[in-house]
Structures are given as structure tokens and as C-alpha cells.
Amino acid sequence: MRHVYDVIIIGAGPAGCAAARTLANAGFSVGLFDKAIFPRDKTCGDALIPDAHQALKKLGLIERVTNISCPAKGMRLIGFDGSNVLIRADSACVPRLKLDALLLDSAMEAGSEFLPGHEFVGISDENEENYQVAFYRSGNYVSAQTHWILLATGANVRSIQHAGLLLGAECHNFATRQYVRNERLARDIHELTFTFDHSAKGGYGWIFPGPDAIFNIGIGFFGSAHRHSNPRRSYERFITQLPLAQDLMRDGKIISPLKGAPLRTGLSGTRFARGGLLGIGECIGATFPLTGEGIGKAMETGILAAEAIMGQYHLGRTAVAQTYTRSIKALQPKFEVYRKAEFLFNWPYLTNELVRHAARNEYTRRKVEGMFNETGDPGFLLTLSGWMRILFANR
Ligand SMILES: Cc1cc2nc3c(=O)[nH]c(=O)nc-3n(C[C@H](O)[C@H](O)[C@H](O)COP(=O)(O)OP(=O)(O)OC[C@H]3O[C@@H](n4cnc5c(N)ncnc54)[C@H](O)[C@@H]3O)c2cc1C
């Protein structure tokens with residue numbers, strides 16, 4: 001291990017690896033630290049939606065990821081009443097075990113040094129130029145010096161606290177998933193399925209077909225996890241009540257335990273930057289409310305932080321922090337609409353109408369597609385006029 005780097009990145013998930021690849025490609029010396037030994041399996045639904053495709057294109061990795069993923073024809077939304085619609089969007093499913101290993105390889109191939117088994121425990125600011133970052137490793141404390149720090153430790157609240165970025169510890173969102181192999185259904189299901197279902201009260205369920213006939217099936221709760229003390233029981237209700245889940249489990253083989261993890265969504269609860277320390281990915285809440293998708297935005301914020309350092313490092317910490325904070329704030333209005341739109345989970349009538357109308361008319365389908373593809377303003381979900389147009393379009 002070297003002891004001095006231009007940039008230290010803590011956390012080698014999609015956010016950390018995207019930043020590491022970008023900065024190392026630009027000639028910065030990068031130390032990429034993670035407490036885990038890789039490959040490590042991050043609990044996730046494994047779906048790549050359009051923003052992930054965009055970020056992977058920018059990183060020059062889309063072909064490599066396509067080669068290991070199961071492409072989907074789009075996303076099927078199923079309402080509480082069983083009505084459904086297929087919407088077009090670049091989408092795919094790839095197990096995080098494989099995706100994260102690929103992203104890490106790509107960061108190292110660009111020149112980043114990877115240091116697994118290093119748990120971040122604290123930072124001291126030596127002077128205006130340098131930080132000393134402390135890690136716990138195999139029973140000892142070690143440290144390294146750097147000009148810039150990117151915190152990419154995901155939903156882990158303790159790390160955000162150690163870094164001095166935490167404003168509010170609350171994390172209301174929680175999701176669980178399981179892997180099930182089913183050769184028969186793998187021949188028939190070629191889309192990511194999102195279902196609004198009463199067993200996942202305050203959230204939704206999903207069934208995503210991945211490579212090797214392995215499905216990722218799970219449920220997520222948004223803005224209300226504290227009211228759901230037993231996600232396991234809700235998951236069991238989900239797989240015994242939803243017809244598609246029943247079908248999957250009937251002759252499917254369960255190949256993993258049910259695992260759960262919290263999600264930090266909504267770009268809230270943290271500062272985005274503090275001096276030469278920038279937070280990226282889920283640690284700053286860069287996972288979308290409403291959908292819980294965060295892989296794409298983790299990579300996007302990692303790239304934005306890398307670009308802020310590359311473009312402004314000669315102007316110092318304040319300029320970099322301001323540039324980065326501005327770019328994250330530009331994303332906030334969209335996150336806010338998604339957060340408000342979580343009311344749909346608790347309004348089955350409106351959710352069913354949205355799905356039914358999207359299935360019947362092009363206008364509504366385009367609006368919904370625009371939400372997932374980030375080509376349209378999702379604000380139509382929050383206004384009376386938006387709903388009037390949905391309910392009365394093409395009638
Ligand atoms: C059940 C579930 C399903 C989901 N489904 C989807 C989905 O289908 N699609 C999607 O886009 N998003 C999904 N998400 C969200 C997605 O998993 C996250 O948005 C994404 O992983 C965030 O990436 P990241 O790089 O910010 O953090 P992570 O991927 O969490 O990576 C953080 C890294 O930091 C390391 N770390 C943590 N603390 C320390 C420390 N103290 N010292 C050193 N290293 C540390 C960890 O070991 C880890 O490797 C889901 C989340 C859950 C819980």
C-alpha cells in the first residue's frame with residue numbers, strides 16, 4: 001500500500017468504482033478502499049434502468065456489462081388490480097456480485113490501487129492541503145494521506161457520521177430480495193416486473209429475470225419501513241399471493257436466503273461536501289425514492305464528483321465543493337417529485353388508473369416512459385391538471 005494518494009475513495013461499489021475509473025483515467029493517483037473482500041454480494045434487485053445505461057456508456061463499459069447481463073424488453077408495471085402495461089426503457093438485470101466485480105476491474109485497469117479489508121474509521125484534516133484517513137485492518141489501525149476524499153460507503157450510517165456529512169440518521173426505506181432459479185419461466189419472461197401489491201404495503205414487489213434463468217424477487221417499503229416490523233412475513237405473503245410469484249415459486253428452486261438492507265433515498269439527510277471531502281452514491285441519498293433504483297445515480301454522482309475534481313482542483317477545496325454541490329442540487333427537484341409521488345403506494349385507485357390508462361393510450365404511456373427514461377418531467381403525477389390529462393386523454 002502506498003501512503004499518499006491524490007484521491008482516496010472509500011467504498012468500491014458503483015459510485016466509488018465509477019469515480020475511481022474516471023479519475024485514474026485522467027492521471028490522478030487513486031486509492032480505492034473497501035472494508036469488504038471482493039467479490040462481495042451487495043443485497044440488491046440487480047436491475048439496471050436507463051440512467052445506469054447512460055452512466056455505463058459514459059464510462060465506456062456498456063458492452064462489457066451487456067455481455068454479462070440479461071437484457072430486458074422493458075418494464076412491466078402491474079397495478080393492485082392486476083392491470084398491467086409494458087413500458088419501453090433500456091433495462092437489464094445483472095447480479096451485483098458480477099457487476100461490482102466488473103466495475104472494480106475497470107477501476108483497477110485504469111490505474112486505481114484497490115485495498116480490500118480496510119474499514120474506514122475517521123479523518124483528520126492535517127492542513128488546508130492534506131487529509132489523513134484512518135482505517136481498521138486485521139486488528140490494526142493504518143492511515144493514508146490525500147488531497148481529496150470521496151465517501152462512497154452506501155447506506156451505512158456510521159461511515160457517513162465518521163466523515164462528518166450526516167445531518168439526519170433516519171432511513172425509512174428497506175428492501176429484501178431472494179434468488180430463485182426457474183428454467184421454464186426464464187423462457188417466457190423477458191421484462192422487469194414491478195408489482196403494486198397489498199402485501200408490500202407502502203412499497204412494491206419485483207420479479208427481475210437475470211442470467212442463467214435466475215430471478216431476483218423481492219419487495220421494498222418506502223417512507224414507511226418503521227411501520228413494517230416484519231418484512232419477512234410481508235415477503236412470504238407476496239410470494240404466496242401474487243399469481244406471477246406463485247408461478248415462479250411453484251417449480252422454481254430457491255438458491256439464496258432472503259436478505260434485506262436499508263436504502264437512503266431522496267438526496268436528503270447529508271451534506272454533499274465538506275472541504276475536500278465529497279459524498280457520492282447512496283451515502284448522500286442518491287437512490288431514487290418511489291423506485292429504489294440507485295445503481296445508475298451512484299455511478300452518475302461518482303462521475304460528477306470526479307469531474308468536479310478534474311476541472312477545479314487547481315482552484316482549491318472550496319471551488320470543487322461548490323461545483324459538485326451545484327451539480328447534485330440540480331438533481332434535487334426530480335428526486336423531490338419522486339419522493340412526493342410515493343403517495344401512489346397508498347392510493348391503489350390512482351395507481352390502477354395510471355397503469356390502465358398507460359396500457360390504453362399513447363399519451364399516458366409516454367409520460368410514464370419519460371419518468372423512467374428521465375426524458376420527461378414526472379411532475380404530472382402531482383398536479384390535478386396532470387391527472388385530468390391522464391384520465392381523459394384519447395377518450
Ligand atoms: C434489496 C434492495 C434492492 C435494490 N434494488 C435495486 C435495483 O434493482 N436497481 C438499482 O439501481 N438499485 C437498487 N437498489 C439500490 C442500490 O443497491 C444502491 O443504490 C447502490 O448499491 C448504491 O451504490 P453505492 O456505490 O453508493 O453503495 P454500495 O453499493 O452500497 O457500496 C458501498 C461500498 O462501501 C463499502 N463500505 C461501507 N462502509 C465502509 C467502511 N466503513 N469502510 C470501507 N468500506 C465501506 C461497502 O463494503 C460497499 O462495498 C436496491 C437496494 C436494496 C437494499
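Start at 1 and go down the list; that is how both ligands and their atoms are numbered. Small disclaimer: the values here were computed from a predicted structure and weren't measured.
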Query raised in the report: Given the rule in the side chain to side chain contact (heavy atoms under 4.5 Å, CB included) test, do L99 and L48 qualify, once you have shown the distances and angles that lead to the verdict?
Result: CA-CA 10 Å; L99 175 71; L48 300 179; 4.1 Å; yes
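The distance from ligand 1 to the heavy atoms of G11 drops below 4.0 Å at these ligand atoms: 33 (C), 34 (O), 35 (C). Of all the atoms in ligand 1, the ones that sit under 4.0 Å from a non-hydrogen atom of A175 are 1 (C), 2 (C). The atoms of ligand 1 that sit less than 4.0 Å from any heavy atom of N156 are 37 (C), 38 (N). Here is the list of ligand 1 atoms found below 4.0 Å of a heavy atom in A261: 53 (C). Every atom of ligand 1 with a heavy atom of G154 under 4.0 Å away is listed here by number and element: 27 (O), 30 (O), 32 (C). Near G281, meaning under 4.0 Å from one of its heavy atoms, ligand 1 places the atoms 26 (O).
Here the shortest heavy-atom distance to atom 13 (C) of ligand 1, taken over G292, G45, G122, belongs to G292. With C93, A47, G260 as candidates, the residue nearest to atom 8 (O) of ligand 1 on a non-hydrogen basis is A47. Evaluated by nearest non-hydrogen atom to atom 16 (C) of ligand 1, the leading choice among E293, E119, R96 is R96.
Closest to atom 42 (N) of ligand 1 among all protein heavy atoms lies F120 N, 2.8 Å. The protein heavy atom nearest to atom 43 (C) of ligand 1 is K35 N, 3.2 Å. In terms of protein heavy-atom proximity, atom 52 (C) of ligand 1 is closest to T43 O, 3.6 Å. Nearest protein heavy-atom neighbour of atom 37 (C) of ligand 1: T153 O, 3.4 Å. At the top of the distance list for atom 12 (N) of ligand 1, counting protein heavy atoms only, stands G294 N, 2.9 Å. At the shortest separation from atom 30 (O) of ligand 1 among protein heavy atoms lies K42 CE, 3.3 Å. Nearest protein heavy-atom neighbour of atom 6 (C) of ligand 1: C44 SG, 3.3 Å.
With a 4.0 Å heavy-atom cut-off, ligand 1 is reached by the side chain of R40 but not by its N, CA, C or O. Neither the backbone nor the side chain of I49 comes within contact range of ligand 1; no heavy atom lies under 4.0 Å. For T287, every heavy-atom contact with ligand 1 shorter than 4.0 Å involves the side chain, none the backbone. In A152, the part holding a heavy atom less than 4.0 Å from any atom of ligand 1 is the backbone.
Checking each of N216, D46, T193 against W206 for a side chain to side chain donor-acceptor pair (under 3.5 Å) leaves exactly one that passes, namely N216. Paired with L56 under the rule side-chain contact (heavy atoms from CB on, under 4.5 Å), one option of L61, T66, L102 passes, and it is L61. Shown are I295, L104, T301, L59; of these, the side-chain contact (heavy atoms from CB on, under 4.5 Å) with P14 is made only by I295.
In this structure, CZ on R184 lies 8.5 Å from CD1 on I189, to the nearest 0.5 angstrom. Note that CG of L290 and NZ of K340 are 14.0 Å apart. Values are rounded to the nearest 0.5 Å. In this structure, L354 CG and W347 CH2 are separated by 14.5 Å, a value rounded to the nearest 0.5 Å. Atoms CG and CD1, from L151 and I123 in turn, are 7.0 Å apart once rounded to the nearest 0.5 Å.
Here the two rings, on F215 and Y179, have centers that are 6.0 Å apart or farther. Ring pair F194/F208: centre-to-centre distance below 6.0 Å.
For ligand 1, none of its N or O atoms has an N or O atom of F38 under 3.5 Å away. When only interatomic distances are considered, the shortest N/O to N/O separation between I295 and ligand 1 falls below 3.5 Å. Backbone and side-chain nitrogen or oxygen atoms of E282 are examined, and one is located within less than 3.5 angstrom of a nitrogen or oxygen of ligand 1. On a distance-only criterion, A15 and ligand 1 share at least one N/O pair closer than 3.5 Å. Considering backbone and side-chain N/O of T176, none are found under 3.5 Å from N/O of ligand 1. For the pair L263 and ligand 1, the shortest N or O to N or O distance does not fall below 3.5 Å. By the 3.5 Å distance cut-off applied to N or O atoms, S159 is counted among the residues near ligand 1. For ligand 1, the polar-atom distance check against D34 finds a nitrogen or oxygen pair separated by under 3.5 Å.
Residue F208 places a heavy atom under 4.0 Å from ligand 1. Using a non-hydrogen distance threshold of 4.0 Å, F174 does not register as a contact of ligand 1. At least one heavy atom of H118 sits closer than 4.0 Å to an atom of ligand 1.
When all heavy atoms of I219 and G205 are compared, the closest pair comes out as CG2-CA, 3.8 Å. Residue C93 comes nearest to G45 through the heavy atom pair SG-O, 4.1 Å, listed as atom of the first residue, atom of the second, then distance.
Annotation: cation-pi geometry not satisfied between R158 and Y136 (NZ/CZ under 6.0 angstrom from ring centroid, within 45° of ring axis).
Looking at E369, its side chain does come within 3.5 Å of a backbone N or O of R88 through a donor-acceptor pair.
With salt bridges taken as basic N to acidic carboxylate O contacts below 4.0 Å, none links D100 and K42.
Side-chain contact, H118 with D34: no donor N or O sits under 3.5 Å from an acceptor N or O. Under the 3.5 Å distance criterion, with hydrogens and angles disregarded, no donor-acceptor pair is assigned to the side chains of Q132 and S124.
Within a 6.0 Å sphere centred on OH of Y313, other residues, nucleotides and ligands contribute 12 heavy atoms or fewer.
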